Amino acid sequence: MQAPDLSLVVTTQGRTAELARLLASLEEQGETSIEVILVDQTGPPLCGRHGELLGRTSVARSLHLRSGPTSLSRARNLGLEHAQGRVVGFPDDDCWYPSGTLQRVAAWFGEWSGYDLLLGGYTEPGRSNPRFLVPPCDLTPWRVVTLANSVGLFIRREEFQDLRFAESLGAGTAFPCGEEMDLLLRALSEGRRGRFEPSVVVYHRIERPRSGGMYAWVRANAYVLMRHALRPSLPLMLRAGGGLVGSFIRATRGAGTWEELVAKVHGFRDALHDGRMRGSGIHA
């Protein structure tokens, strides 16, 4: 059987209504052949409903995996092991695709054969997300720190057989975010090429609830940034130092919080400790 154009690895924990919206949006993706791999971390009562949702779509192939409660990165890695599409994306179960988005993604990988990664942005219908108001550009470590997100990430599967999300990062771990930044930074350090295309947009809430609160998120991102700066990477070291100084200035002027500054310090401290114990870099 011919490989699908795209595989979508979706992890879910009971968001049936949101998942229905995501699956419904797949009906508006043109002639793109799509495989959906649903990694279900809920109990048996929701499995049947998810199966019914998948059955009502026109996807070329679907696979329903039961994982039980686990971390987001581990669930995504499980789905990635089963993906057969030429390109793989990682939508959250509460995001959805504007009409024709995946068709453009599939076409992009055909036109940009020298690239292994495509990164788009996310926003809400009728709004622009200021985080992604930059022109198209090749991905560099500096850009990744600002632009990294998982819902807009697409990878060429054949080039990622040995690259997985670090299971010590992401929702469900002590570091509830930063797994997509880490994956992108590791990919670039290994010579893979990526590009940011602002025309690739996924619908998702701009302001999202943060598991563990602001402290946990800031600490996790600071941890990932410093771990990769220790490779060493001068641009990332400068980015880390500049971010720390900026947080201090914002806190003293009342434009930021001391919690943010403390979280960054703790994230850097943890990275330095782990770097001494296990060497630089983060491993899946």
Side-chain angles (χ1 to χ4, degrees), residues 9-13 39 41 67-81 83 88-95 117 119 122 131 139 141-155 160-190 192 194 204 208-233 236-237 239-240 243 260 262-284:
V9 176
V10 190
T11 72
T12 189
Q13 289 190 340
V39 185
Q41 302 179 59
S67 70
T70 187
S71 69
L72 175 62
S73 292
R74 182 171 296 178
R76 282 177 173 162
N77 287 342
L78 174 62
L80 192 53
E81 290 175 4
V88 184
F90 305 93
D92 288 348
D93 58 2
D94 61 343
C95 79
L117 296 151
L119 188 63
Y122 63 84
R131 177 180 172 188
L139 290 177
W142 190 278
R143 288 288 194 185
V144 163
V145 173
T146 302
L147 299 172
N149 71 96
S150 59
V151 298
L153 174 63
F154 299 91
I155 64 176
F160 279 78
Q161 298 296 329
D162 59 342
L163 192 63
R164 295 290 185 269
F165 288 97
E167 295 185 359
S168 59
L169 302 173
T173 74
F175 297 98
C177 63
E179 74 281 358
E180 61 273 270
M181 185 202 311
D182 167 66
L183 182 104
L184 286 165
L185 290 174
R186 281 189 286 128
L188 294 182
S189 72
E190 294 174 8
R192 295 174 173 91
H204 197 289
R208 295 181 285 170
R210 297 183 173 184
S211 174
M214 185 188 75
Y215 171 87
W217 274 56
V218 174
R219 171 175 169 256
N221 280 315
Y223 173 83
V224 173
L225 175 58
M226 181 56 73
R227 285 299 301 273
H228 285 276
L230 294 174
R231 283 189 179 272
S233 169
L236 294 182
M237 191 65 73
R239 188 70 182 250
E260 176 188 356
V262 170
K264 285 186 177 179
V265 170
H266 287 176
F268 292 163
R269 177 202 62 192
D270 295 339
L272 291 168
H273 175 267
D274 287 355
R276 288 194 299 268
M277 296 296 293
R278 298 195 294 268
S280 62
I282 303 173
H283 305 283

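For reference, positions follow the sequence shown, starting with 1. A quick note: this is a predicted structure, and the numbers were derived from the prediction, not measured.
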> If you draw a 6.0 Å radius around CZ in R143, do more than 12 non-hydrogen atoms from other residues or ligands fall strictly inside?
Replying inline: no
> Does R219 have any salt bridge (charged side-chain N to carboxylate O under 4.0 Å, His left out) partners at least two apart in sequence or in another chain, and if so, which?
Replying inline: D270
> For F90, what residues pass the ring-ring contact (aromatic ring centres under 6.0 Å, His included) criterion, not counting sequence neighbours?
Replying inline: F165
>> If I take atom NZ from residue K264 and atom OH from residue Y215, how far apart are they, to the nearest 0.5 angstrom?
In response: 13.5 Å
> Under the side-chain contact (heavy atoms from CB on, under 4.5 Å) test, which residues partner A148, sequence neighbours left out?
Replying inline: V144, E180, M181, L184
>> On a heavy-atom basis, which atom in P141 and which in L185 lie closest, and how many Å separate them?
In response: CA-CD2, 3.7 Å
> Going from CD on Q161 to CD on E81, what distance comes out if it is rounded to the nearest 0.5 angstrom?
Replying inline: 11.0 Å
> Got a second to check how far N77's CG is from E167's CD, nearest 0.5 Å?
Replying inline: 4.5 Å
> Which heavy atom of V9 sits nearest a heavy atom of P91, and at what distance?
Replying inline: O-CD, 3.6 Å
>> Applying side chain to side chain contact (heavy atoms under 4.5 Å, CB included) to L272 and L230, what does each step give before you reach the verdict?
In response: CA-CA 8 Å; L272 291 168; L230 294 174; 3.8 Å; yes
>> For T173, run the side-chain contact (heavy atoms from CB on, under 4.5 Å) check against S73, S71, S168 and tell me which one passes.
In response: S71
> Taking the side chain as C-beta and beyond, is there a heavy-atom pair between V39 and R76 under 4.5 Å?
Replying inline: no
>> Please enumerate all residues that pass side-chain contact (heavy atoms from CB on, under 4.5 Å) together with A187, with sequence neighbours excluded.
In response: L117, F160, L163, R192
> What residues form a side-chain contact (heavy atoms from CB on, under 4.5 Å) with A220, not counting sequence neighbours?
Replying inline: F175, P176, C177
>> Can you give me the closest heavy-atom contact between E179 and G170, atom names plus distance?
In response: OE1-CA, 3.2 Å
> Can you tell me how far CD1 of I155 sits from CG of L119, rounded to the nearest 0.5 angstrom?
Replying inline: 12.0 Å
> Side chains of R131 and N149: does their closest heavy-atom pair fall under 4.5 Å?
Replying inline: yes
>> Quick check for you: to the nearest 0.5 Å, what is the distance between D92 atom CG and T11 atom OG1?
In response: 7.0 Å
> Mind checking what makes side chain to side chain donor-acceptor pair (under 3.5 Å) contact with S189, not counting sequence neighbours?
Replying inline: none
> Between atom CD of E190 and atom CG of D162, what is the distance when rounded to the nearest 0.5 Å?
Replying inline: 6.5 Å
> Which heavy-atom pair separates L169 from G178 by the least distance, and what is that distance?
Replying inline: CD1-O, 4.2 Å
> Looking at G267 and A222, what are the two nearest heavy atoms and their distance?
Replying inline: CA-CB, 4.1 Å
>> Would you say that R231 contacts R186 through its side chain, given a criterion of any heavy-atom pair below 4.5 Å between the two side chains?
In response: yes
> What heavy-atom pair brings R227 and A271 nearest, and what distance separates the two atoms?
Replying inline: CD-O, 3.3 Å
